[in-house]
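Report on the following structure.
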Amino acid sequence: MLKLDINIYLRVYQKQIMNIKLFLFLIFIPFFVSSQEINIEDMSVEDIIKKRTSNMSKIKAYSTKMYPLTMSGEFDQIKEINHKLFNAAKEFKALFPEGSQGSKASSLIWDDKETFDLYNDNFLESIESIAISIENEDSVSLMENFNIMASNCGTCHKKFRN
């Protein structure tokens, strides 16, 4: 009986520790992300376009690499990829200043910047939801949130890609 009570106590304690880690993770994300922001004022239009093309390639590569892992239970590996994905996506959002039209980006991005920014925010939120699923080691939620993230990609591409 005493052994059972200790096991229950340990599970509750571990859950509380996980919740504290998750809380700290969510609190400190803005600090880590802001330290990695790029300074587009010092970049030429060509460099901005190259950088956003590079970031889009990274986002695609990280997503492609993450997909099969969502069913593997390899949470540490998924967490690492998701962190890189989040940083690339956060940086990507800033790579559409006025006057940087070009490449495969539709001019509608600048004509309807509010919707484009909303789609970007939804994409970032879905990546953050993936992070929560990883922290909770919840495979079902992870797969659901990955599918939401992928859907957000498709929604934006349908509207804004030439």
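As a basis for the values below, the full set of heavy atoms in this structure was taken, side chains included, without hydrogen atoms, waters or symmetry mates.
- Phe123 is connected to Tyr67 through a chain of hydrophobic side-chain contacts under 4.5 Å among Ile, Leu, Val, Met, Phe, Trp and Tyr, so both are in one cluster.
- Phe116 contributes atom CZ, which lies 12.5 Å from atom CG of Asp111 (distance to the nearest 0.5 angstrom).
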**OP:** Please test Lys93 against Asp121 for side-chain contact (heavy atoms from CB on, under 4.5 Å), starting from the C-alpha separation and ending with a verdict.
**Re:** CA-CA 8 Å; Lys93 183 179 177 182; Asp121 290 341; 2.3 Å; yes
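- Across all non-hydrogen atoms, the minimal contact from Leu69 to Ile81 is CD1-CD1, 3.4 Å.
- Transitive grouping of hydrophobic side chains (ILVMFWY, heavy atoms separated by less than 4.5 Å) brings Leu85 and Met143 into a common cluster.
- Rounded to the nearest 0.5 angstrom, Ser106 OG and Lys159 NZ are separated by 9.0 Å.
- In this structure, the separation between CZ on Phe146 and OG on Ser151 is 11.5 Å, given to the nearest 0.5 Å.
- For the atom pair CG (Asp112) and CZ (Phe160), the distance works out to 5.0 Å, reported to the nearest 0.5 Å.
- Closest non-hydrogen pair, Phe96 versus Ala105, comes out as CE2-CB, 4.2 Å.
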**OP:** Would you please test Lys113 and Glu98 for salt bridge (Lys or Arg N to Asp or Glu O under 4.0 Å) and show each step?
**Re:** CA-CA 10 Å; Lys113 189 78 162 129; Glu98 188 61 44; over 6 Å; no
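- A heavy-atom distance below 4.5 Å is not found between the side chains of Ser129 and Ile148.
- One hydrophobic cluster, built from ILVMFWY side chains closer than 4.5 Å, cannot hold both Met43 and Val45; they sit in different ones.
- Using a 4.5 Å heavy-atom threshold, the side chains of Arg52 and Ser100 count as touching.
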**OP:** Could you walk me through whether Phe75 and Ser139 pass the side-chain contact (heavy atoms from CB on, under 4.5 Å) test, one step at a time?
**Re:** CA-CA 9 Å; Phe75 291 103; Ser139 297; 3.5 Å; yes
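- When atom types are taken as modelled, the side chain of Glu128 and the backbone of Ser126 share no donor-acceptor pair closer than 3.5 angstrom.
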Original post:
Can you list the steps and then say if Lys50 with Glu46 is a salt bridge (Lys or Arg N to Asp or Glu O under 4.0 Å)?
Top reply: CA-CA 6 Å; Lys50 284 180 189 175; Glu46 292 80 19; over 6 Å; no
Original post:
Going through the checks in order, is the side-chain contact (heavy atoms from CB on, under 4.5 Å) test met by His157 and Met56?
Top reply: CA-CA 11 Å; His157 279 214; Met56 181 54 73; 3.8 Å; yes
Original post:
Does the pair Glu80 and Gln77 meet the rule for a side-chain contact (heavy atoms from CB on, under 4.5 Å), with working shown?
Top reply: CA-CA 5 Å; Glu80 181 182 323; Gln77 195 173 0; 5.8 Å; no
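- In plain terms, the two heavy atoms of Leu124 and Ala89 that are nearest each other are CD2-CB, 3.6 Å.
- Of the candidates Asn136, Asn147, Ile134, Ile134 is the only one forming a side-chain contact (heavy atoms from CB on, under 4.5 Å) with Leu142.
- A pairwise comparison of heavy atoms in Tyr62 and Ala88 identifies CE1-CB, 4.3 Å as the closest pair.
- Counting all heavy atoms, side chain and backbone alike, Ile127 lies closest to Met149 at CG1-SD, 4.0 Å.
- No side-chain heavy atom of Glu114 sits under 4.5 Å from any side-chain heavy atom of Tyr119.
- The line from CG of Asn145 to CD1 of Ile132 is 8.0 Å long, rounded to the nearest 0.5 Å.
- Met71 and Ile130 fall within the same hydrophobic cluster, defined by Ile, Leu, Val, Met, Phe, Trp and Tyr side-chain heavy atoms under 4.5 Å apart, directly or through other members.
- Taking SG of Cys153 as the reference point, atom CD1 of Ile59 lies at 7.5 Å (rounded to 0.5 Å).
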